[in-house]
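Comments concern the structure below.
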Amino acid sequence: MTPASKNNKPDREGRRYETTLSTLFGNDTKGTRTDMALKAKPLRVQHAYEQVSREIEAQILTGSMKPGDQLPGEVEMASMFAVNRSTVREGIRRLESEGFVRRISPRKMVVSIPRMAELASRQTRALSMLEVSFSELWNVVVETEPLAAELAAIHADEKDLAALYDIHAALVAAEGEGRASAEIDTAFHSRIAEAGKNRVLQLAREPIGFLIFSGIDALIPELPQAMSRQVVAHSHVIEAIRNRDPAGARDWMRRHIDDFKRGYVLAGLPLDAPIAGVASKLVDLGHDL
C-alpha cells in the first residue's frame with residue numbers, strides 16, 4: 001500500500017464524519033449550528049407577591065401547613081421570603097380571596113379549606129366564559145344528579161332531611177316566581193349532593209348546577225306548568241331519600257332532569273345556544289347557599 005493510499009483512508013473517514021455532522025448541524029462541521037429551529041415563546045415574569053402566595057399555597061396543599069395553623073406575622077414572612085411587607089400583604093390577600101387562609105383577628109391569619117361555593121363560583125365563571133350550551137350541561141347533570149340522589153338516600157341524616165323539607169316549602173311558597181324558583185331549585189340540588197356525603201361529586205357538579213338550574217328563570221314564563229311539575233318531582237325525590245330508597249331516588253331524579261330538558265324544548269328555548277345569558281345572575285349565588 002502506498003503512502004498516498006494510507007493517507008486516503010483517514011481522509012475518507014473524515015469526510016464521512018463531516019457528512020454526518022452536516023446532516024445534524026448544517027454545513028458548519030465545527031459543531032456550531034446556524035439553522036437551529038428555536039421557537040419564540042414569551043416569558044412571563046412572576047410578580048413577587050405571586051411567588052409568595054404560590055409558595056404558601058404549595059405548603060398548604062402538601063400538608064406542611066394544615067387547616068387551623070396560624071401564619072407568621074407580616075414582618076416575619078417578609079424576612080422569610082426576603083421581600084417587603086406590602087408584597088407579603090398582597091400575596092396573603094390573594095390566598096384569602098381563594099379561601100386558603102382566613103382572618104381570625106385584624107393581625108392573625110390561619111389556614112382554611114376553601115368553601116365549596118367559593119370553588120364552584122370560580123368554575124361557573126369559567127364555564128360562562130366558554131359559552132357552554134344547555135345541551136352540554138344537561139349531558140353531565142343527567143349523570144351527576146341521579147347519582148347524588150342515590151347517595152343521599154343512603155347517607156342523608158335528619159339534618160339533611162329537615163333542610164330539604166325547608167327548601168321544598170320555600171319552592172311551594174314561591175308560586176312560580178322565576179328568579180326565586182331558580183335560586184331555590186339550585187339550593188335543592190346542592191343540598192341533595194351535600195346529603196350524599198361525597199365531596200368529589202359535590203365539587204364536580206356544583207358549578208354545572210349553578211348554570212343549568214338557573215334556566216328555570218327563563219323556562220317558567222314560557223311554560224307555567226313547569227313549576228307544578230318541579231314541585232311534584234322534588235317531593236318524590238325527598239320521599240325516596242326519607243325512605244332510604246336509592247333506586248327510587250335515582251329514578252325520580254332522572255325523570256326530573258329529563259322533564260327539565262323536555263320543558264326547554266316545549267318552551268322553544270335553544271338547546272345549543274350559550275346558557276350564560278340566563279345564568280350570569282346566579283354566578284355569585286354560591287356565597288349565599
Side-chain angles (χ1 to χ4, degrees), residues 57 60-61 63 66-68 95 97-102 111-128 130 132 134 136-168 170-171 181-216 230 233-234 236-238 240-242 244-257 260 275 279 282-289:
E57 180 181 336
I60 293 172
L61 294 176
K66 303 186 184 309
L95 290 170
S97 69
E98 295 186 356
F100 284 104
V101 300
R102 61 183 175 86
V111 175
S112 63
I113 299 175
R115 293 191 307 166
M116 196 74 66
E118 290 171 336
L119 296 173
S121 180
R122 287 194 291 275
Q123 294 177 51
T124 302
R125 288 185 176 92
L127 289 172
S128 296
L130 290 172
V132 296
F134 178 92
E136 289 177 289
L137 295 167
W138 186 87
N139 286 333
V140 178
V141 299
V142 77
E143 302 295 337
T144 59
E145 302 312 290
L147 175 59
E150 179 181 349
L151 292 175
I154 298 171
H155 299 292
D157 54 30
E158 291 303 319
K159 181 180 178 182
D160 295 319
L161 284 168
L164 287 172
Y165 278 119
D166 287 344
I167 293 171
H168 187 63
L171 180 66
S181 298
E183 293 184 2
I184 296 167
D185 191 50
T186 302
F188 174 77
H189 286 272
S190 295
R191 199 65 182 78
I192 284 181
E194 185 177 343
K197 308 295 190 289
N198 187 311
R199 292 170 295 179
V200 175
L201 179 59
Q202 280 183 263
L203 184 57
R205 64 151 303 280
E206 200 79 349
I208 300 167
F210 283 160
L211 278 177
I212 195 167
F213 295 125
S214 68
I216 293 291
Q230 183 185 28
H234 284 202
H236 280 291
V237 171
I238 295 174
I241 292 173
R242 180 175 61 82
R244 301 292 183 193
D245 179 6
R250 173 183 274 276
D251 178 61
W252 267 105
M253 183 60 81
R254 175 62 194 249
R255 293 191 197 184
H256 178 39
I257 300 302
F260 186 27
I275 199 172
L282 293 181
V283 168
D284 293 318
L285 179 62
H287 297 287
D288 301 322
L289 296 179

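None of the values given here were measured: they were computed from a predicted structure. Just so it is clear, the values below take in all heavy atoms, side chains as well, and ignore hydrogens, waters and symmetry mates.
- Between atom NE2 of residue H168 and atom CZ of residue R191 there is a gap of 16.0 Å, rounded to the nearest 0.5 Å.
- Here the closest heavy-atom approach between residue I241 and residue A249 is recorded as CG1-CB, 4.3 Å.
- Counting non-hydrogen atoms of neighbouring residues, nucleotides and ligands closer than 6.0 angstrom, the CZ atom of R255 exceeds 12 such neighbours.
- Of all non-hydrogen atoms in S190 and E206, the two that sit nearest each other are OG-OE2, 3.0 Å.
- Looking at H236, H189, E145 one by one, the single match for side chain to side chain contact (heavy atoms under 4.5 Å, CB included) with H256 turns out to be H189.
- Looking at every heavy atom in both residues, F100 comes nearest to I60 through O-CD1, 3.9 Å.
- Between S112 atom OG and L95 atom CG the span is 9.5 Å, to the nearest 0.5 Å.
- Atom CG of L201 and atom CD of E150 lie 10.5 Å apart (nearest 0.5 Å).
- Annotation: the span from D166 atom CG to L161 atom CG amounts to 11.0 Å, rounded to 0.5 Å.
- Across P146 and V141, no two heavy atoms sit closer than the pair CD-O, 3.5 Å.
- Tested against D160 for a side-chain hydrogen bond (donor to acceptor under 3.5 Å, both in side chains), the candidates H155, R242, K197 yield a single pass: K197.
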Mind running side-chain contact (heavy atoms from CB on, under 4.5 Å) on L164 and H234 for me, showing each step along the way? CA-CA 9 Å; L164 287 172; H234 284 202; over 6 Å; no

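- Relative ring orientation between F213 and F260 is described as parallel, the plane-to-plane angle staying below 30° on a 0-90° scale split at 30° and 60°.
- Here I257 contributes atom CD1 and W252 contributes atom CH2; the two are 13.0 Å apart, rounded to the nearest 0.5 Å.
- For the residue pair A240 and A153, the shortest heavy atom distance occurs at O-CB, 4.2 Å.
- Interatomic distance, I192 CD1 to L151 CG, rounded to the nearest 0.5 Å: 11.5 Å.
- With R250 contributing its side chain and D245 its backbone, the two residues share no donor-acceptor pair below 3.5 Å.
- A donor-acceptor pair under 3.5 Å is absent between the side-chain atoms of T186 and the main chain of F210, judged by distance alone.
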